[in-house]
Each structure stands twice: as structure tokens, then as C-alpha cells.
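Computed from a predicted model, the values in this text were never measured in an experiment. Heavy atoms only: backbone and side chains are in, while hydrogens, waters and symmetry mates are out.
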Amino acid sequence: MAWKVNKTRKLYLIYIVVALVCLTACSVSYKFNGASIDYSKVRTIQIADFPIRSAYVWGPMGPMFNNKLKDVFANHTRLEQVKRNGDLKIEGEITQYQQRNKSVSSEGYSAQTELSITVNVRFTNSSNHNEDFEKQFTATASYDTRRSLNSVQEELVEQMVKDLTDQIFNATVANW
């Protein structure tokens, strides 16, 4: 009987040792920030403030967008942000901020309203001009029309700004 307990104890001990060796021997590390930048060629980025060129304006939207765009590149790349002569250059303008009815209730009134922001972006890569582009990015968010725009505007604009800055980041340095 003592032999069986000893054998079981030895097997148990072997399993624990093998498990610990496997856990400590292999270590895999991934970083999913999306950036695919050759830092030997590209070291700096110039991000200009995007002025609002839209007929309809919400004051805090401009600074919110500009700060978030700079933050995304600061947090997800090693690029140094410079005022001029950057290896990468991002500039543009906020061209549209609008709301429109998205759906109608059975009574014939607007049930949901869609808010959207469109930005025009010009991107220049001084080390590879094949990657240069100018294009528009749009983000939308909907809200129940029973709520006032003033009560949801800040939250929705924050969501749309995050979406826009992610789109711009992916289009410029992620190369998906």
C-alpha cells in the first residue's frame, strides 16, 4: 500500500514540475497597437490642428479632435511630434458636422437622429510618397430624438472623435 501512495505522489510531483517548466520556459509577447513603422526611416510626425470648416459647429469639437489625434500617435508610436518638417505630416480640416433624421416612429415623428462628423485628411510620408493621400473620414452616432442634442452631444462627439482618430491612425501608419 505504501508503494502505491509513493508512486502516486511521485507522478503528481512530476506533473507539477513539468507544468512549471512549461509555464516558465516559454514566454510569448505580442503588442497590438497596429503601427507598422520603420523607425530607421521615420522618426518624426507633424500633426497640424484641424480647423472647423463646417456650417454647423459645436465649439469644443475642434480641440477635442485635435488633442485626441495627437494623443493616439503619442500613445501608440515612438514618433516624436514636431511643429514643422516632420517625416510624416497629417493636416486637414473638419468639413462637416451635421444631424439628420435616421428613423421615423409610427406616429410620423422622428424616432432617432444621426449625428455625423466628416474630416478631410492630407497625409504625406517624406520617405515614401507612394503612401501619400488625401481622403475623407466620417463617423456617425445615433440618439433617441426624445433626448435633446445638448444632453447627448458631448458623449456622442467623444465616440465619433475616437472612431475618426482610429480610422486616421490605421490609414496612415497601420498599413492594414
* For Asn150, all residues meeting side-chain contact (heavy atoms from CB on, under 4.5 Å), sequence neighbours excluded -> Ser148, Gln153
* Just jot down the side-chain contact (heavy atoms from CB on, under 4.5 Å) partners of Asp38, sequence neighbours excluded, or say none. => Ser40, Lys41
Using a 4.5 Å cut-off on heavy atoms from C-beta on, say whether the side chain of [Y] contacts that of [X].
X      : Y      : answer
Lys89  : Arg84  : no
Asn120 : Phe50  : no
Thr113 : Asn101 : yes
Phe73  : Thr165 : no
His129 : Thr124 : yes
Val72  : Ile168 : no
Leu79  : Tyr39  : yes
Phe65  : Val157 : no

Look at the side-chain heavy atoms of Ile, Leu, Val, Met, Phe, Trp and Tyr, link any pair under 4.5 Å apart, and say whether [X] and [Y] land in one connected group.
X      : Y      : value
Met64  : Leu164 : yes
Phe137 : Val173 : yes
Ile45  : Phe123 : yes

* To do: Output all residues satisfying side-chain hydrogen bond (donor to acceptor under 3.5 Å, both in side chains) with Thr138, sequence neighbours left out; order by chain, then residue number.
  => Thr118
* What pairs with Gln81 under side-chain hydrogen bond (donor to acceptor under 3.5 Å, both in side chains), at least two apart in sequence or on another chain? -> none
* Asked: Are Asp163 and Gln159 linked by a side-chain donor-acceptor pair shorter than 3.5 Å?
  -> no
* **Pairing residues for Lys162 by the salt bridge (Lys or Arg N to Asp or Glu O under 4.0 Å) criterion, not counting sequence neighbours** => Asp166
* Do Leu88 and Thr44 pass the side-chain contact (heavy atoms from CB on, under 4.5 Å) test, and can you show the C-alpha distance, the side-chain angles, and the key distance before you say yes or no? -> CA-CA 6 Å; Leu88 302 178; Thr44 61; over 6 Å; no
* Asked: Name the one of Arg100, Gln99, Gln98 that satisfies side chain to side chain donor-acceptor pair (under 3.5 Å) with Glu114?
  -> Arg100
* Asked: How far apart are the closest heavy atoms of Glu91 and Ala48, and which atoms are they?
  -> CB-CB, 3.9 Å
Going by atom type alone, with no hydrogens or angles, which donor-acceptor pairs under 3.5 Å involve a side-chain atom of residues 51-58 and a protein atom two or more places apart or on another chain?
{"from": "Ser54", "atom 1": "OG", "to": "Tyr56", "atom 2": "N", "distance (Å)": "3.3"}
{"from": "Ser54", "atom 1": "OG", "to": "Tyr56", "atom 2": "O", "distance (Å)": "2.8"}
{"from": "Ser54", "atom 1": "OG", "to": "Tyr97", "atom 2": "N", "distance (Å)": "3.0"}

* Structure fact -> When rounded to the nearest 0.5 Å, the distance separating CG of Leu156 from OG of Ser151 is 8.5 Å
* To do: First locate atom CG of Asp132, then atom OG1 of Thr172, and finally report the distance between them rounded to the nearest 0.5 Å.
  => 11.5 Å
